[in-house]
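This report concerns only the one structure given below.
The structure presented is a predicted model; accordingly, all values stated were derived computationally and were not measured. Letters go in sequence order (proteins before strands), and every chain restarts at 1.
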Protein chains: 2
Amino acid sequence: MTTPLSATSSHDSSHVKLLAQAQQACQKKGARLTKTREQVFLLLAKRKGAVGAYDLLAELKELDAAAKPATIYRALDFLSKQGFVHKIESINAFIMCHHFGDCNHPVQLLICDECGHVEEIQSNNFDLALRSMADANGFTISHQIVEAHGHCKACQ
Amino acid sequence: MTTPLSATSSHDSSHVKLLAQAQQACQKKGARLTKTREQVFLLLAKRKGAVGAYDLLAELKELDAAAKPATIYRALDFLSKQGFVHKIESINAFIMCHHFGDCNHPVQLLICDECGHVEEIQSNNFDLALRSMADANGFTISHQIVEAHGHCKACQ
DNA sequence: TTGCTCAGTGTAACATTATACCAATACAAA
DNA sequence: TTTGTATTGGTATAATGTTACACTGAGCAA
């Protein structure tokens, strides 16, 4: 919160900062962060937690009445490929990644079944353990999904 | 098939053995392995790899023309709860578990995106690593999903 | 046996999630 | 400008999963 004078936009700065990061990352890679993609990015950035594609679509429709399922899925595809967003396979939902920019990192998610909170953690050790396990089976990992369900600190 | 003279049933015995295990496990727990559940169990046991609910339904319909989506999902629910079957969240498919009976173990899956083969591995170390990571976040895990995509030994 | 209860089932409808297809458009490189 | 590629628009539909409700049938107690 760096805007002491404005009460209404008190937390917008973090979205703007995230967006700036994303724009920079796209420019580096020659990826096109188009208007729709940017809108979806911001909607996700404003969300505290995970959101389903169709809920997101409903929000997007307020900005662009013509939006259709394909619109949102295309945007989510793009944002996922850039590493800005993660898909949570076990609940068919999407969440903004707050670590993007530096790497295409593997991710571990802790999903609270009580309050819906999703915590993103990132353990290289864990990643290594999984890879070595795969190695032992002659398997090469290209993408990993690690999602733990349970109860978060606040919901014990 | 209890016909030792028939070459076509050479590998049926393993299904029968699996089924016997399942029946025993159910009896212990007072769970009812009804006809439909048993049919679905056997269909899954015969499959080498993972199968979608609707593909499975199509197979089941050959045995029971009245089968409907609810039929298959109920059976899969039951079999999952008993630990006989795992759902693969990242591809919406189901696979027979070959380690059931002893425990309600956590599972790690290696999914080949080339040939579709799914390898089930089971590492307690891995489970512990995940749990300790969750602990550090004050999170209690009730169910975990670990699915690695890539290429298997044969598809390198 | 009779009647009670409850898990399991039959059936239809519905809800959610995701993609295919093809034409139109915008953008960047030559 | 021309050409090729990426992106979008729009429609339809595929694929996956759930709910509601009435009914059946097995187990059990009186």
Side-chain angles (χ1 to χ4, degrees), chain A residues 22-23 26-41 43-44 50-61 63-82 84-95 113 116 145 147 149, chain B residues 22-23 26-41 43-44 50-82 84-95 111 113 116 145 147 149:
Chain A
Q23 285 168 330
C26 282
Q27 201 165 17
K28 251 190 215 166
K29 291 187 275 189
R32 288 165 55 192
L33 189 55
T34 61
K35 184 183 157 201
T36 302
R37 290 166 175 176
E38 195 173 303
Q39 285 175 328
V40 173
F41 182 96
L43 288 175
L44 275 161
V51 57
Y54 279 74
D55 286 347
L56 205 53
L57 176 57
E59 288 185 35
L60 181 60
K61 273 185 172 164
L63 305 175
D64 170 5
K68 299 277 184 310
T71 314
I72 207 81
Y73 280 104
R74 282 170 183 152
L76 289 169
D77 259 16
F78 173 84
L79 297 172
S80 293
K81 273 184 191 148
Q82 307 307 317
F84 301 156
V85 162
H86 300 301
K87 174 167 188 189
I88 310 179
E89 298 287 352
S90 57
I91 56 173
N92 296 315
F94 299 83
I95 192 164
D113 293 329
I145 292 135
E147 299 172 9
H149 284 256
Chain B
Q23 284 167 330
C26 283
Q27 201 165 19
K28 252 190 213 166
K29 291 187 273 188
R32 288 167 56 193
L33 190 55
T34 61
K35 185 183 157 202
T36 301
R37 290 166 176 178
E38 194 172 305
Q39 285 175 327
V40 173
F41 182 96
L43 288 176
L44 274 161
V51 58
Y54 280 72
D55 287 347
L56 204 55
L57 176 57
E59 289 186 33
L60 181 59
K61 274 185 171 162
E62 291 173 16
L63 306 174
D64 170 6
K68 299 275 187 310
T71 315
I72 208 82
Y73 280 104
R74 282 168 180 157
L76 288 169
D77 260 14
F78 174 84
L79 296 173
S80 293
K81 272 182 191 151
Q82 305 309 314
F84 301 156
V85 163
H86 299 300
K87 173 165 189 191
I88 309 179
E89 298 287 351
S90 56
I91 57 174
N92 294 316
F94 300 83
I95 192 164
I111 302 152
D113 293 327
I145 292 135
E147 299 172 9
H149 285 256

* Separation of atom NZ in B/Lys29 from atom P in C/dA7, rounded to whole Å -> 17 Å
* Could you tell me whether the side chain of B/Lys29 reaches within less than 4.5 Å of the side chain of B/Gln82, counting heavy atoms only? => yes
* Give one of base, sugar-phosphate or nothing for A/Lys87, where a contact means two heavy atoms less than 4.0 Å apart. => sugar-phosphate
* Structure fact -> Against the side chain of A/Ala66, the closest entry in D/dT16, C/dA12, D/dG10 is D/dG10
* Quick one: label B/Ala67 by what it contacts on the DNA or RNA (base, sugar-phosphate, nothing), any heavy atom closer than 4.0 Å. => nothing
* Asked: Quick one: does A/Arg74 reach the base of D/dG9 with a side-chain donor-acceptor pair under 3.5 Å?
  -> yes
* May I have the distance from B/Tyr73 (atom OH) to C/dT11 (atom P), rounded to whole angstrom? => 19 Å
* **Heavy-atom side-chain proximity of A/Ile91 to A/His149 below 4.5 angstrom** => yes
* Asked: Side-chain donor or acceptor of A/Tyr54 under 3.5 Å from a matching atom on the base of C/dA18?
  -> yes
* May I ask you to say what B/Arg32 touches in the nucleic acid, namely base, sugar-phosphate or nothing, with a heavy-atom cut-off under 4.0 Å? => sugar-phosphate
* Quick one: A/Asp77 CG to D/dT7 P, roughly how many Å, whole number? -> 11 Å
* Take atom NZ of A/Lys35 as the centre, draw a 6.0 Å sphere, and report whether it contains more than 12 heavy atoms from other residues, nucleotides or ligands. => no
* Asked: If you round to the nearest 0.5 Å, how far is NZ of A/Lys87 from OG of A/Ser80?
  -> 8.5 Å
* Asked: What is the distance from CG of A/Asn92 to C1' of C/dA15, rounded to the nearest Å?
  -> 13 Å
* **Separation of atom CG in A/Leu76 from atom P in D/dT8, rounded to whole Å** => 12 Å
* To do: Starting from P on D/dT16, measure out to NZ on B/Lys68 and report it in whole angstrom.
  => 19 Å
* Rounded to the nearest angstrom, tell me the gap between atom CD in A/Glu89 and atom C1' in D/dG17. => 16 Å
* Asked: Is the shortest heavy-atom distance from the side chain of A/Leu60 to the side chain of A/Leu56 under 4.5 Å?
  -> no
* Asked: Separation of A/Lys35 atom NZ from D/dT8 atom C1', in whole Å?
  -> 12 Å
* **Nearest to side-chain heavy atoms of B/Thr71, which nucleotide of C/dT17, C/dG10, D/dT11** => C/dG10
